Amino acid sequence: MAIEKMALLKIVGSLQEMETIIKELILYENISIDTESDHYGNNYLIHQYETEIVGSTECRILDYDELESECKEALLSLESICKDLGIKLALDKDLIKNNDLSYEKAIELLNQYKTSKGKAAEEIKLKKEKIKELLYYKERVDGAFDKSLDLDKIADLKYFDYEIGILSNEDRIKLKKNYENLTAIVIRIGIVKAPVENLYLIIYPKQYKEETVNFLKSLSWKRFVLPEKYKGTPQQISEQIDNDVKALEDEIKELTGTLSSNDVEAKVLMNKIYNALKLEEKIVSIAKHADFGENIFLLDVWTKKKDINDLKDTITKISDNIIVSSEKVYDGAKPPTVLKNNWFFRPFELIVKMYGLPAYRELDPTPFMALTYCLAFGIMFGDLGQGFIYFMAGYLLSKKIDLAGQLLMRLGASSMIFGLVYGSLFGLEKHQLPWLPTLFEGGPLSAENIPKILVMGISYGIIALSGSFVYGIINSLKNGDKEEGLFGKNGIFGYLFFLSFIFTIITLVGLIKIPLFVPLIFLIVFLTIIVLKEPLANALDKKELFPHGAGAYFTESIFESIETILSTLSNTVSFVRVGAFALNHAGLFLAFMVISELMDNIILKILVLTLGNVLILVLEGLIVFIQGLRLQFYEMFSKYFIGEGVEFKSIKLN
Amino acid sequence: MNSPYDTYHAVKTKITTKKGRIFKKLNWEKILDFSTVDQLTDYLKKSEAFEDILKDVKNDIHRGNLESVLGRYKISEIENLLHYHSGAYKEFLKTLLTEADLTDIGLILRKIARNMSLYDMEDRFIHSEKYTDIPYDKLLSSRNVGQFIENLRGTPYYNDLRGLTNEDAIKRDFHIEMKLYVTYYKSLLEKADKLNKENKKTAKDIIGTRIDILNVLWIYRAKNYYRITPAEMLNYSLEGGKEINFEKLKKLCFAENEEEFDEIVGTSLGEKFKDDLNNIDISLAMNYFMYNYLNQNNFENFGLTLSYIYMLDIIINNLTTITEGIKYHLPKDNLKSYLVYEL
């Protein structure tokens, strides 16, 4: 029920063996790279180890950025080949473990394939593109208004030239407005829909060629030129294109046939290459974070403390030349966080992570949050039957989304327990079902129970806030922040202020019989201490009392104390909602009960009550879920939880 | 802003603060005294308005780079203003953001046409990464103009550039700029149509004014520097001007001589603009006209947002002019005459 202890390891080895070592680390799947490592200190270590580790001096440090892009490029071309061949590529850990294919060999095989078999694949691609191009022509030829138009007749005019091209609708309007400035015959000969393109034939005197062409350019004119071989009327050209497309399609079919004949063999080979490339890509991405010496490398990795020995064994097995040392965590290091909770609390990590992951040195709020959240949900939504529905829904959901389902099951269970406390089954209470056990005779809505339930909400709040204070104080003191931990508004004196505030209220309403000034004196003393938090903390550390000047400090601090008073009040009152939602839950059902009593027909009665239950389950359940979250995130987490942890992302292939 | 003044007061407060930060606090006298771009960068780094955008910029910044950073500043300001607008107003501003896409598309295309390296292009981009629909990665992978245009397919600008050859991209450089503008302003005016009556008029007036001066500038340049026919000029002009309608535009393009041209400009955009056009740098004349137009109108609606954005343009223009002046060691008084100095 805490945060897993982490260790920082420095792995030092010869450059020659680097790839093997990193491969082993990747397959180990339980380490993460320290990307913010202390390079200065590492250089010192590298010097120290340089003489101890014997490696081949011929091994050079590679340009890993270049290698990475080369690798990515190879992967892309492999993927595109396999897509054309219909081969599915998949990562296979066993294959990677026992792959005898080196990266260099993989690249070589890929290139070989590209030159032999790849040719066919390339040809298919080209033919497909050709078909696309032909269809582009066909669409425009088919758009011609007059299918029997024969342009060959005007091809050889002595004094005139012609051009066919495409204009958008807007440019067409511009052309119309400008007709008088153009020495040419303009004929609209066709249209293509979506997006609208107009096909125009422009016939102009040869001597005005340059002027006309420039004019057309200013209209974003796109010339439409058919390949030479297509001649005749649009009707004939369309048929010719159809024939060519069909011929190309047949050729593609044939080519695909020759490729798929050695399907299985190709599939095995391609997957081997793929896995080798994927592994190399990952290795390179890790090598980029290493520090290098003449012939050695050094890599900082995080691992769980309990895995250290196992990891050391695995790595040092590779050769005698590897040093794995566990290091003291340097200042400013950010160890990654792994939450370690038991089966009951684990689903609640979902909610904690929505807010933020606890930092490594922070307390894990999950257990406390789980207990208080279950409790609040139960109090606000206590019903044996509806809780059971949630429980079952959670059970079904857990098969699809494990943690979310588990979470719902726990909330459902809590709702069921409080269902027994309130004596409520699908909204029905003891006077409808006399055998139901209950702690609140007469149901939550009876006059004498309403204040009890509201007080229950507030009491829950006081307990929950007390817990938050304790967590907050521990977190601050753990981080050495005396000012906040002792004297801050969420520190020890903040808590004492909160308690005296509660006692003042209790005295005010006359629940305990002591003179009002007693808690008030405490209240004022504690508030004064909070106002003086910085000078007090500085006095403890024997530092200057007001390093930024007393005037500014007090102005700020006094406003802060007003805020403290207001927020203490609003924090506490905020928890009234816990009781209020419990009443609301009963009240909403009461409304449906009244409607059902107006019905004569028993079927209608059942229908109304069922509808009421569905509405409560869907709508009110959601509201209570959100309100509970709000209390956690806003009233409680803000007191003790920062959530700036870094997630432990173990390196693995994916 | 669906009912006109819903969030007007929020916007007004926001813009007043923004204006205060940038207009009042920049000391132009002091800026003009700087003799290196580094001094200017340092000064801007310390100013409240530019602090954030410049904090990651190292010294010895390239002039072009400072220009891009300032361009990005304008974009980030518009992005920020998006939070205070909703519905049709937000859509309008989002379209306004795409003006930066035109700059960046043109930038890549010109480099590709001239076979220049696209290295470090990302540093010079100013477009909004969050709101752009242009596939920049694809554009940057293009090896020639044809591929570039194919990669633009699916964007609103494909139609404008299709048919453009490598040679056109160099010799008819203006084609890129003007054609993209045509599409941009058309879509901006369409978005303006969706605003409520009062704001629609304001937006169309401001955009229309902008279109007017861009058209005059374009035709002026075309007549003086490019060998193209009036009919082509007309095809490249923008529609939707406030004072200069299609008929006037046509007359401008077909004007036989300078006097005729000046006459039309003078009657539609005022004598001062006409004089400026003949006496000072044309882009400065344009900035002055826009500045005066925005300043004369005390907008109490969406115009407030637009006027702030276009004022930013003028400030950024001033600053880039100064960096240029510093580079060419222009004397202070001389440099001053290239700025909109009343700010």
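Just so it is clear: chains get the letters A, B, ... in the order the sequence lines come, proteins before strands, and each one is counted from 1. Just so you know, these numbers use all the heavy atoms, side chains as well, and skip hydrogens, waters and symmetry mates. Nothing here was measured: the structure is a model prediction, and the numbers come from that model.
Here CG of B:Leu164 is found 11.5 Å from NZ of A:Lys222. Values are rounded to the nearest 0.5 Å.
Summarising the local packing, OH of A:Tyr137 is surrounded by more than 12 heavy atoms from other residues, nucleotides or ligands at distances under 6.0 Å. The local environment of CD in B:Glu263 is sparse, with at most 12 non-hydrogen atoms from other residues, nucleotides or ligands closer than 6.0 Å. In this structure, B:Glu129 places its CD atom where only 12 or fewer heavy-atom neighbours from other residues, nucleotides or ligands lie under 6.0 Å away. With a 6.0 Å radius and a threshold of 12 heavy atoms from other residues, nucleotides or ligands, A:Tyr179 has its OH atom above the threshold. More than 12 heavy atoms of other shown residues, nucleotides or ligands fall within 6.0 angstrom of atom NZ in A:Lys288. Residue-environment remark: CG (B:Asp133) stays at or below the threshold of 12 foreign heavy atoms within 6.0 Å. Heavy atoms from other residues, nucleotides or ligands lying under 6.0 Å from CD of B:Glu260 number more than 12. With a 6.0 Å radius and a threshold of 12 heavy atoms from other residues, nucleotides or ligands, B:Glu258 has its CD atom at or below the threshold.
The two residues A:Lys217 and B:Asp168 make their nearest non-hydrogen contact at NZ-OD1, 2.8 Å. Nearest heavy-atom pair across A:Leu167 and B:Arg162 is C-NH2, 3.7 Å.
Ranked by non-hydrogen atom pairs under 4.5 Å with chain A, the options B:Met233, B:Glu239, B:Glu232 are led by B:Glu232.
Only the side chain of B:Phe254 has a heavy atom closer than 4.5 Å to any heavy atom of chain A. At a 4.5 Å heavy-atom cutoff, A:Leu182 makes no contact with chain B through either its backbone or its side chain. When heavy atoms are compared at a cutoff of 4.5 Å, B:Ser237 approaches chain A solely by way of its backbone atoms N, CA, C and O.
Contact check for B:His175 versus A:Ser218: no side-chain heavy atoms found under the 4.5 Å cut-off. Contact of the B:Ile228 side chain with the A:Asn214 side chain is not registered, since no non-hydrogen atoms from C-beta on lie closer than 4.5 Å. Looking at A:Asn181 and B:Thr229, their side chains never come closer than 4.5 Å, going by heavy atoms from C-beta outward. Looking at heavy atoms from C-beta onward, A:Lys177 lies out of side-chain contact with B:Asn235 at the 4.5 angstrom threshold.
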Which is it for B:Asp160 and A:Ser220 under the side-chain hydrogen bond (donor to acceptor under 3.5 Å, both in side chains) test, yes or no, and what are the steps along the way?
CA-CA 6 Å; B:Asp160 300 327; A:Ser220 300; 4.9 Å; no
